Q: 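Starting off with a structure, shown below.
Basis for what follows: all heavy atoms, side chains included, without hydrogens, waters or symmetry-related copies. These figures come from a predicted structure and were not determined experimentally.
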Amino acid sequence: MTHVLRRGYVPSPFGQLHYAECGAGEPVLMLHQTPRSWTEYLDVLPLVGAAGHRAIAMDTLGFGASAKPDGPHSVERFADGVLALVDALGLDRFHLVGHHTGGVIAVEVAARLQDRVAGLLLSGTPFVDEERRGRAATRKPVDHVDPRPDGSHLLELWNRRRGFYRPGEEAALHRFMVDALTVLDRVEEGHLAVTRYRMEERLPYVTARALAVCAPGDHYSLPALEKFAALGWETRVLSGGHVPVPEQLPQEFAEVIREWVAKG
């Protein structure tokens with residue numbers, strides 16, 4: 001059955017990279033936010049795969065079950081990992097979906113690969129320019145907690161993200177906790193890598209059709225839609241949700257992907 005989840009590893013210069021996939025056909029590669037893993041797309045993958053696509057979600061280099069190299073993380077190094085995966089899987093041309101940090105990585109990948117990216121869909125993605133970098137310099141950490149012998153840092157981490165999830169969505173929050181605890185010593189580094197990225201210098205190299213969407217409750221990234229629209233990109237506000245919208249509205253998220261891929 002094409003919708004059955006398959007998981008695997010590919011080699012890279014950094015070590016093995018982990019991915020999960022469903023379906024067969026035109027490839028659609030999905031990149032998660034940090035400090036998450038492919039499980040952010042757990043419910044989206046089979047829906048996109050069932051629509052006649054090879055739906056793939058990878059663990060970003062340094063997160064999930066992918067290799068965790070030493071040295072500072074950067075959007076550019078994350079993109080190196082994506083390129084290693086697509087080459088190892090033989091994806092000559094593919095559609096690219098990125099959520100939050102994954103969207104920033106997707107911009108860098110699309111800027112490098114250009115015509116190999118058939119379509120680009122960014123979800124909840126910050127527009128990282130000088131204004132954004134200036135604000136980020138004074139912001140509080142998003143997920144960093146100091147481990148304590150009594151384990152109270154676990155509740156602190158839970159509460160850092162609890163407001164993004166509605167009652168009844170605790171399973172998704174549990175998945176976040178598993179992912180974050182896997183990289184607790186470097187849990188904040190994906191966010192820091194984003195704040196250093198010079199997105200405005202890379203956007204002119206993106207040649208793919210581009211769509212930017214955002215959940216209405218995601219006040220962190222919602223203002224970015226106006227800046228993406230100024231580039232001539234299509235934009236859309238989803239019907240609901242917050243930062244974890246792929247888990248909150250998987251049916252709608254998958255339908256947006258299917259519609260966007262079909263246009264192109």
Q: With a 4.5 Å cut-off on side-chain heavy atoms, are L231 and V206 touching?
A: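 Contact flag for V206/L231 side chains = no.
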Q: Counting N and O atoms only, with roles assigned by atom type, does the side chain of D179 sit under 3.5 Å from a partner on the main chain of S37, one being a donor and the other an acceptor?
A: yes
Q: With a 4.5 Å cut-off on side-chain heavy atoms, are E247 and R36 touching?
A: yes
Q: Would you say the side chain of W38 lies within less than 4.5 Å of the side chain of I56, judging by non-hydrogen atoms?
A: no
Q: Using modelled atom types only, decide if a donor and an acceptor are shared between the side chain of Y41 and the backbone of M58 within a distance under 3.5 Å.
A: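 No, Y41 side chain to M58 backbone: no donor-acceptor pair under 3.5 Å.
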Q: Between the side chains of E156 and R160, is the shortest nitrogen-to-carboxylate-oxygen separation below 4.0 Å, so that they form an ion pair?
A: yes
Q: State which residues pass side-chain contact (heavy atoms from CB on, under 4.5 Å) with R162; sequence neighbours excluded, sorted by chain then number.
A: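 Partners of R162 by the side-chain contact (heavy atoms from CB on, under 4.5 Å) criterion, ordered by chain and then number, come out as W158, N159, Y165, E170, L173.
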Q: Salt bridge or not between D143 and R161? Use side-chain N to carboxylate O under 4.0 Å.
A: yes
Q: From R7 CZ over to D59 CG, what is the distance, rounded to the nearest 0.5 angstrom?
A: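 So the CZ of R7 and the CG of D59 are separated by 8.0 Å.
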Q: Please check this pair: side chain of R6 against backbone of G23, looking for a donor-acceptor N/O pair closer than 3.5 Å.
A: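 It does hold such a pair.
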Q: Is there any ring pair (Phe, Tyr, Trp, His ring centres under 6.0 Å) pair reaching into residues 90-139, and which pairs are they, with sequence neighbours excluded?
A: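 Sorted pair list: F127-F228.
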Q: Would you call R139-E188 a salt bridge at under 4.0 Å N-O?
A: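 Salt bridge present between R139 and E188.
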Q: Give me the one residue out of R133, K227, R132 that meets salt bridge (charged side-chain N to carboxylate O under 4.0 Å, His left out) with E200.
A: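 In the set R133, K227, R132, the residue that makes a salt bridge (charged side-chain N to carboxylate O under 4.0 Å, His left out) with E200 is R133.
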Q: Search all heavy atoms of V128 against all heavy atoms of M199 and return the closest pair with its distance.
A: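 For V128 and M199, the tightest heavy-atom pair comes out as O-CB, 3.2 Å.
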Q: Does the salt bridge (Lys or Arg N to Asp or Glu O under 4.0 Å) test come out yes or no for R116 and D87, once each step is laid out?
A: CA-CA 11 Å; R116 284 183 65 185; D87 287 344; 3.1 Å; yes
Q: Between T125 (side chain only) and S123 (backbone N and O only), is there a donor and an acceptor less than 3.5 Å apart?
A: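 Side chain of T125 to backbone of S123, a donor-acceptor pair under 3.5 Å: yes, one is there.
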Q: Between E130 and R198, does the side chain to side chain contact (heavy atoms under 4.5 Å, CB included) criterion hold? Intermediate values first, please.
A: CA-CA 8 Å; E130 197 61 41; R198 303 190 70 82; 3.8 Å; yes
Q: Does a salt bridge link R112 with E76, judged by any charged N lying under 4.0 Å from a carboxylate O?
A: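 So R112 does not pair with E76 through a salt bridge.
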Q: Could you check L225, V213, D218 and say which one makes a side chain to side chain contact (heavy atoms under 4.5 Å, CB included) with V237?
A: L225
Q: Please check: side-chain N/O of E252 versus main-chain N/O of L238, any donor-acceptor pairing under 3.5 Å?
A: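 No, E252 side chain to L238 backbone: no donor-acceptor pair under 3.5 Å.
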Q: Quick one: ring pair (Phe, Tyr, Trp, His ring centres under 6.0 Å) partners of H32, sequence neighbours excluded?
A: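 H32 satisfies ring pair (Phe, Tyr, Trp, His ring centres under 6.0 Å) with no residue once adjacent residues are dropped.
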Q: Does the R258 side chain pair with the main chain of H53, one donor and one acceptor, at a distance under 3.5 Å?
A: no
